[in-house]
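Comments concern the structure below.
Along the sequence shown, residues are numbered consecutively beginning with 1.
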Amino acid sequence: MGKLLDSTTLGFLGASLILFAIVWGIKGPAPALSGLKSGLALSLRYALLIISSMVLATLFQTLVSREFITRHLGASSGWRGITLGSLIGALFPGSPYAAMPLFATLMQMGAGIPTGVAMVCAWGLLSIGRLPFQAAVMGGRFTAIQVASTLLLPFLAGILAWVIGSLL
C-alpha cells in the first residue's frame, strides 16, 4: 500500500475531496455527484487504456530480445541508439497511455537513458499520429515550421542526456 498511496496520490485524492466539497457547498449535491460520476467513468476508461498498454508493452518483450535492445538502443549504442530512439518516438502513434509503457519497457530491456530521452522528446514533438490533427487544427504552414524547427531537438536532447549521464 505504501507505493499505491504515496504523497502524489494522497495529494490528488485530497484535492479531489476538497474540490468535491466546494462544488457541493456552492452548487449543491447534483452537480457534485454528476462530476464525481463523470470522473469515475473517465477513470475507468483510462484504467482500461493503461492496463491494455501495459499488457501490450510486456507482450512486446516476448517478441524482441533483451540483447537486441541493448545492442541497438543501449548505453553503448551511442549516437546510433539516440537516432533510433528519435525515430521510434517520432513514428509511435498514440497517447501517453500507450507510448510511455512501451518506452519504459524498452528502457527496462536495456535501452539507455539518452535513447529514452530521445524517444520521449521525439514522441512529444514529432509523433506521426499527432501531426495530421495538428495540421488540420493549426494549419499546414504552422505544422511544417514546427516540425522543421524541432526535427533535431530529440537527437540533441539525447546527446545532451548522454553528456550529462557521463558527468554524473
Side-chain angles (χ1 to χ4, degrees), residues 1-16 19 38-138 143 146-147 149-166 168:
M1 284 298 275
K3 290 202 178 219
L4 181 64
L5 296 177
D6 63 2
S7 60
T8 303
T9 306
L10 290 173
F12 274 97
L13 283 173
S16 297
L19 189 55
S38 295
L40 291 174
L42 189 62
S43 297
L44 178 61
R45 178 175 183 266
Y46 283 116
L48 292 173
L49 280 170
I50 291 168
I51 291 167
S52 299
S53 297
M54 299 282 184
V55 169
L56 286 171
T58 54
L59 288 172
F60 176 79
Q61 289 179 343
T62 65
L63 293 175
V64 180
S65 73
R66 187 175 295 273
E67 294 77 28
F68 181 87
I69 298 298
T70 302
R71 184 173 352 113
H72 295 289
L73 301 174
S76 63
S77 64
W79 65 268
R80 287 186 308 249
I82 293 168
T83 302
L84 281 172
S86 297
L87 287 171
I88 290 168
L91 294 175
F92 191 83
S95 71
Y97 307 106
M100 295 305 155
L102 176 68
F103 299 157
T105 297
L106 289 172
M107 296 205 44
Q108 290 168 356
M109 291 178 70
I113 290 175
T115 302
V117 168
M119 281 189 291
V120 170
C121 287
W123 174 81
L125 292 170
L126 305 168
S127 175
I128 198 164
R130 181 182 51 79
L131 291 179
F133 181 68
Q134 179 179 315
V137 174
M138 304 293 290
T143 301
Q146 183 265 316
V147 168
S149 64
T150 60
L151 191 60
L152 293 177
L153 291 180
F155 180 79
L156 295 174
I159 295 293
L160 187 58
W162 189 10
V163 170
I164 292 170
S166 68
L168 298 179

Problem - Verdict with reasoning, Phe133 to Met138, per side-chain contact (heavy atoms from CB on, under 4.5 Å) - result: CA-CA 8 Å; Phe133 181 68; Met138 304 293 290; over 6 Å; no

Exercise for the section: Would you mind reporting whether Ile128 and Phe92 have side-chain heavy atoms less than 4.5 Å apart? Expected result: no

Problem - With Arg71 via side-chain hydrogen bond (donor to acceptor under 3.5 Å, both in side chains) - residues at least two apart - result: none

Handout entry: Least distance between heavy atoms, Trp162 atom then Gly78 atom
Key = CH2-CA, 3.6 Å

Practice task
State, with a plain yes or no, whether a side-chain heavy atom of Ile82 is found less than 4.5 Å away from one of Ile159.
Solution key: yes

Exercise for the section: Evaluate the side-chain proximity of Leu131 to Gln146: yes if any heavy-atom separation is below 4.5 Å, no if none is. Expected result: yes

Practice task
Check whether any side-chain heavy atom of His72 sits under 4.5 Å from a side-chain heavy atom of Ser77, and report yes or no.
Solution key: no

Handout entry: Contact check, side chains of Pro154 and Leu125, non-hydrogen atoms, under 4.5 Å
Key = yes

Practice task
Kindly give the heavy-atom pair with the smallest separation between Leu73 and Gly81, and that separation in Å.
Solution key: CD2-O, 3.9 Å

Problem - Sub-4.5 Å side-chain heavy-atom contact between Trp123 and Pro96 - result: yes

Problem - Student check: side-chain heavy atoms of Met119 and Leu84 closer than 4.5 Å - result: no

Kindly list each side-chain donor-acceptor pair under 3.5 angstrom involving residues 60-69, sequence neighbours excluded, with atom names and distances?
{"residue": "Thr62", "atom": "OG1", "partner": "Leu59", "partner atom": "O", "Å": "2.5"}
{"residue": "Ser65", "atom": "OG", "partner": "Phe68", "partner atom": "N", "Å": "3.0"}
{"residue": "Arg66", "atom": "NH1", "partner": "Gln108", "partner atom": "O", "Å": "2.6"}

Fill in the blank from the handout: Rounding to 0.5 Å, atoms CG (Leu152) and CG (Leu126) come to a distance of 9.5 Å

Practice task
Would you check if Ile113 and Met107 make a side-chain contact, meaning some heavy-atom pair closer than 4.5 Å?
Solution key: yes

